[in-house]
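Just so we're on the same page: letters track the sequence lines, and every chain starts at 1. Scope of the values below: all heavy atoms of this structure, side chains included, with no hydrogens, waters or symmetry mates.
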There are 2 protein chains.
Amino acid sequence: MPRTAASPQRGQPTIVSIAERAGVSIASVSRVLNGLGARRDTVERVERAAAELGYVPNAVARSLKDGRTRQLTFAMPDIGNPVYVAMVRAIQSVAKAAGYRLLLHSTDAVVDDELAVLRSLGDRTSDGLIICPIRITDAHIEALRAAAGPVVVIGSLPDEVPVDSVRADSVAGASLAVHHLYETGRRRIAFVNGPADTVPGRNRHEGYRAALADCGLTYDPSLVVHTDFGIESGAEAAEALLHRSPDAVFCANDQLALGAARALHARALRIPEDVAVAGMDDSALAQAGWPPLTSVDLGSTERGRRAAELLLERLGAPDSPTPHTTTAPPRLVVRASTGRAAPDA
Amino acid sequence: MPRTAASPQRGQPTIVSIAERAGVSIASVSRVLNGLGARRDTVERVERAAAELGYVPNAVARSLKDGRTRQLTFAMPDIGNPVYVAMVRAIQSVAKAAGYRLLLHSTDAVVDDELAVLRSLGDRTSDGLIICPIRITDAHIEALRAAAGPVVVIGSLPDEVPVDSVRADSVAGASLAVHHLYETGRRRIAFVNGPADTVPGRNRHEGYRAALADCGLTYDPSLVVHTDFGIESGAEAAEALLHRSPDAVFCANDQLALGAARALHARALRIPEDVAVAGMDDSALAQAGWPPLTSVDLGSTERGRRAAELLLERLGAPDSPTPHTTTAPPRLVVRASTGRAAPDA
DNA sequence: ATGAAAGCGCTAACAA
DNA sequence: TTGTTAGCGCTTTCAT
């Protein structure tokens, strides 16, 4: 059954319905709607018809025509982590200002999911992608090279991969925290880290070790726990570390630190008098607990903003050959959880 | 300059390039790619060509053809609030399982933004919308009636508006908390509420008043503060309430409660011995602080999940006339922040 | 200033 | 089984 032009699929008005109602051609409708020249009365009739029909231009048709969707995709491991929330906010704000919508993907850090997202750039659903993988495999690198559209990576890529990226300096960040703990008198600094096989996990561990060496402290493996990022894990890890009697617990993110703080409170240990606690990310969580948490700001918001800006630049000049890499400098934010130890501690 | 079929816009392969390479028609390509019948060797040649070219179907073209984008939109006030994060997670998970992507909008609770989102349903960018307004104006209702596609509202709509919705029962929720505080011996129960002109604000206030009456306590306006939702606001409000010497502070969400707890800690007041604290939403924050927070679970995850399911149902049966309304029952989660008062308190 | 028509990439009805 | 063609809604030449 052939469908007549006057009865479109969903009853939604199209330029055809407007043209019929206004008694002009669809080309004129298009011109008027796009503010190009037209005779006064043509303009009026078209605008009236459009208003009366409640016309809204079909964005899909427009996209097909001009090859862009005005959508950006952000893929991150877990929207439950405040760090990624901060990134989403920053990206969303830049995107919105530039007239782009934001598509969200939670990958749960599953490699296949991340690769699928990368490949899906080819389906033209969005004009560009910001992806934040916590592991970077050879498959990632291959997929990045083969990407069918602009990509910005939030994370640490090998230098030879020709892709824009924004990285945190978590080596320096971890080091900052350890130095601070040392300077406020701590000597047995435990470390609750995330998974050892992730980029952040490796880097934070490296920073921790290096800073200990700087301070003339010996690295003691029994003061280090690897777990996953999460409040419960932090509590369990801290619990397990307590019999090593640390005087400080440095955690690879704020969620772990909050968990650690809870474990200490539960044992009636005072923070910071008995044990200091420091986290990383300086997320909203750092100020949620008691005492407020010393934390290393790794610039999540900054990184999100910068990634979005890079992506927009790339969309403006697709063939600019040189990939940009920015590194957000870490910043130590000292709060009450790391004051001086009690004299007798 | 006319563009030949063989050199498409972005160098991206299309069914035309595949057809040429495989020496068949585009229809055959389409059939093979969609798993319809074809001769063995046709299938092979098409699949080989597609693989060699790294073909990915253009989702925009497909959408234009069949009138659906397989995208859902979620519009909420603020992705920084854990409640909405919980909803995003739940919605994302349902959407993903059904093969839909998720488009995110942060409206900052700005009415014009929310109306724009509602209107933008007409541009066919997404197949349906979940919107979570905290104020519901006549303009909202009008826009909802005029919506060009399926909408589910998370929030309390007047009954006569023919739109699917999922609501929280924050009246009952607030009442639950107040009763619990009363039963654990509190008699001067202060209330830190959100903005008075929002639906949640009004309802929580109503629940608070009603519960006080139930318990035979008099409503004392000087024990009530209206502010906005946020940690800092909670701290300031609690600070301001302290000279009224409450024995409990009930807060309209967890962020406020965390702020209140901080203010109490800063004054060296013990929780719960001196003052009990309770929040609402039972978000991730409730277990982030110390002591862990008693909170009323208003089913954010549940509401998000349900809203997504309703939307998918509606997409399956667009003309089903009866709007569905679900109410998530509130659930009190008791934690350490509301133990019994100290005997002498 | 306006209209006819091509074409973006795809699917599906129809013909062969 | 396969190819030709129309058409989704829009923008944009190219004529008029």
Side chains of residues 160-167 of chain A: which donor-acceptor pairs under 3.5 Å do they make with residues two or more places apart or in other chains?
residue, atom, partner, partner atom, Å
D164(A), OD1, R314(A), NH2, 2.8
D164(A), OD1, H324(A), N, 2.6
D164(A), OD2, R314(A), NE, 2.9
D164(A), OD2, R314(A), NH2, 3.0
S165(A), OG, T325(A), OG1, 3.3
R167(A), NH2, L157(A), O, 2.7

I want to check one thing: is the phosphate of dC8(C), taken as OP1 and OP2, less than 4.0 Å away from some side-chain N or O of T14(B)?
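For dC8(C), neither OP1 nor OP2 has a side-chain N or O of T14(B) closer than 4.0 Å.
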Residue A61(B), side-chain atoms from C-beta onward, closest of dC10(D), dC10(C), dT2(C):
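Among dC10(D), dC10(C), dT2(C), the one nearest the side chain of A61(B) is dC10(C).
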Do any of residues 53-60 of chain A sit with a heavy atom less than 4.0 Å from DNA chain C, and if so which?
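Residues of residues 53-60 of chain A under 4.0 Å from DNA chain C: none.
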Pairs meeting criterion salt bridge (Lys or Arg N to Asp or Glu O under 4.0 Å) with involvement of [range], two or more places apart:
range	value
residues 93-108 of chain A	K96(A)-D113(B), R101(A)-D123(B)
residues 52-63 of chain B	R21(B)-E52(B)
residues 300-312 of chain B	E302(B)-R305(B), R305(B)-E309(B), R306(B)-E309(B), R306(B)-E313(B)

With sequence neighbours excluded, what pairs up with D41(A) under the salt bridge (Lys or Arg N to Asp or Glu O under 4.0 Å) test?
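In terms of salt bridge (Lys or Arg N to Asp or Glu O under 4.0 Å), with neighbours along the sequence ignored, D41(A) is linked to R39(A), R45(A).
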Round to the nearest Å and state the distance from [X] atom [atom1] to [N] atom [atom2].
X	N	atom1	atom2	result
R68(A)	dC10(D)	CZ	C1'	15 Å
I15(B)	dG7(D)	CD1	C1'	13 Å
K65(A)	dT12(D)	NZ	P	7 Å
L64(A)	dT12(D)	CG	C1'	14 Å
D66(B)	dA13(C)	CG	P	13 Å

Could you pull out all residues at least two apart from [X] that satisfy side-chain hydrogen bond (donor to acceptor under 3.5 Å, both in side chains)?
X	result
N34(B)	S30(B)
Y100(A)	R68(A)
S126(A)	T73(A)

Kindly compute the distance separating CG (N58(A)) from CG (L64(A)), expressed to the nearest 0.5 Å.
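One gets 10.0 Å once the value is rounded to the nearest 0.5 Å.
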Within this structure, what is the CG-CG distance for the pair L72(B) and L312(B), rounded to the nearest 0.5 Å?
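Taking CG in L72(B) and CG in L312(B), the distance rounds to 6.0 Å.
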With sugar-phosphate meaning primed atoms plus P, OP1 and OP2, does S63(B) contact a base, only sugar-phosphate, or nothing at under 4.0 Å between heavy atoms?
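It contacts nothing in the nucleic acid.
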Can you run down the side-chain hydrogen bond (donor to acceptor under 3.5 Å, both in side chains) pairs that involve residues 140-156 of chain B, sequence neighbours left out, and say none if there aren't any?
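Listed by first then second residue: E114(B)-H140(B), T137(B)-H140(B).
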Five-pair end axes of the helix from dA1(C)-dT16(D) to dA16(C)-dT1(D) and the angle they enclose, rounded to 10°:
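Roughly 50°, once rounded to the nearest ten degrees.
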Please work out which residues in residues 23-39 of chain A have a non-hydrogen atom less than 4.0 Å from an atom of DNA chain D and list them by number.
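Within residues 23-39 of chain A, the residues near DNA chain D are I26(A), A27(A), S30(A), R31(A), N34(A).
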